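Notes for the one structure printed next.
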Amino acid sequence: MVDTKNQYLKIKKEIDAAVIEVLESSMFIGGKKVDQFAADLAVYNDSRFVIPCANGTDALQIAMMALGLQPGDEIITPSFTYIATVETAALLRLKPVFVEVDPQTFCMDATALEKAITPNTKAIVPVHLYGHAADMEKIMDIAARYNLFVIEDNAQGIGCDYTFSDGTVKKTGGIGHIGCTSFYPSKNLGAYGDGGAIFTNDEALAMQLKMIAAHGQSKRYYHDVVGCNSRLDAVQAAILTIKLKHLDDYIAARRNAADYYDKAFAGHSKITTPFRAAYSHHVFHQYTLILNNTNRDALNAYLASEGIPSMIYYPVPCHKQKMFDAFGGNTFDLPVTDWLTERVISLPIHTELDEEQQALIVSKILSFIQ
Ligand SMILES: Cc1ncc(COP(=O)(O)O)c(C=O)c1O
């Protein structure tokens, strides 16, 4: 699905030098490489504060802890997302309230969101799924009216520009009260190991997030709140500092590959190509088709037999995962989510795809479907 090896080979010199610099410095945890990366990412995302952490799942958990959410508090989130979005809420004994997604954007349906609000609702967790922005203007408006926190799950959306109706453009992850992202190697900004970051523009919240990520400590060996241990290591920070400089080019390459697929599948009655809402600059973390009147799983297996990877993100929506039975997950009725779950298939999309590879992928898909 991705080609991190060839991507690395193009920047090998810079990366190798940066890694060796960390090894020679022996400053493996914290230090100037981590500070530099946090500062660069804050500028890139136009966020006042960036708190690096160990992975995107931790970022979400720390965000929920920093907002002081208490057991039983409700958080509203799509079910059509990666488990990490909601697992963190369950871990803190919060109550996940699952809502539908828009069948075109795959992101939280704002109307469904408003209907799901109760006196126990404390936070909304929209997900910029596959690299397409959730409708943040509507979501922030609802949050303001009901006095709710917004934590953006930007693990798949880093670099995505959201355009408000007045023309203001903001990066996803920098719009809600807190934004969270992941540097899992296959992400648009991928490390060579695990990594994550938390964004906020609120100084008090930034202090709290930083403290929680570092054992709740306000200064060394003084622990004011219950925290955890979540650090981005210096080797990953050094790698990410270099890769961040290439992020916009990486996104452009993904968008080019998406354009190719779009053209190749245009007008095909059995294939719906990814929708691009005017407010979202799609960064194509995934290129995901909706298949109509087609045996999706058979196509998935056929492509595998031809040596072509394809993935189902995700085969079971969160509300149907056993994990959430204890939270009443199976009591939610989400027909749009179920409908999508049965029909989506994601194709290889990355910075190293060439037209020859894409032509082969397209021809195999079309020959199967026809
Ligand atoms: C939507 C979403 N949220 C959260 C995460 C969790 O990130 P990580 O794997 O870095 O913990 C991921 C990545 O896998 C993701 O895709």
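As the structure lists them, so they are numbered: ligands from 1, and atoms in each ligand from 1. These figures come from a predicted structure and were not determined experimentally.
If you number the atoms of ligand 1 from 1 as listed, the ones under 4.0 Å from a heavy atom of N55 come out as 10 (O), 11 (O). Near A155, the atoms of ligand 1 lying under 4.0 angstrom from a non-hydrogen atom of the residue are 2 (C), 3 (N), 4 (C), 5 (C), 12 (C), 15 (C). Interface of A84 with ligand 1, defined as ligand atoms under 4.0 Å from a residue heavy atom, comprises 4 (C), 5 (C), 6 (C).
Both cation-pi conditions hold for K219 and Y222: the charged atom is under 6.0 angstrom from the six-membered ring centre and inside a 45 degree cone around its axis.
At a threshold of 4.0 Å, the pair D161-K170 does not count as salt-bridged, since none of the basic side-chain nitrogens sits closer than that to a carboxylate oxygen.
Centroid-to-centroid, the aromatic rings of F183 and F37 come within less than 6.0 Å.
Evaluated by nearest non-hydrogen atom to atom 7 (O) of ligand 1, the leading choice among P78, C180, A54, S182 is S182. Around atom 16 (O) of ligand 1, the closest heavy atom drawn from H285, Q156, Q286 belongs to Q156.
Taking distance alone, with nitrogen or oxygen atoms compared against 3.5 Å, G56 approaches ligand 1 more closely than that limit.
Taking the six-membered ring where the residue is Trp, F265 and Y261 present parallel rings, their angle staying beneath 30° rather than reaching 60°. Under the 30°/60° scheme for interplanar angles, the aromatic rings of Y162 and F164 are found to stand perpendicular.
Under the 4.0 angstrom criterion for non-hydrogen atoms, K187 is in contact with ligand 1.
With a 6.0 Å radius and a threshold of 12 heavy atoms from other residues, nucleotides or ligands, E203 has its CD atom at or below the threshold.
Residue T85 holds its OG1 atom at 8.0 Å from CD of Q156, rounded to the nearest 0.5 Å.
The protein atom (non-hydrogen) at minimum distance from atom 6 (C) of ligand 1 is T57 OG1, 3.4 Å. The single protein non-hydrogen atom nearest to atom 1 (C) of ligand 1 is D153 OD2, 3.4 Å, given as residue, atom name and distance.
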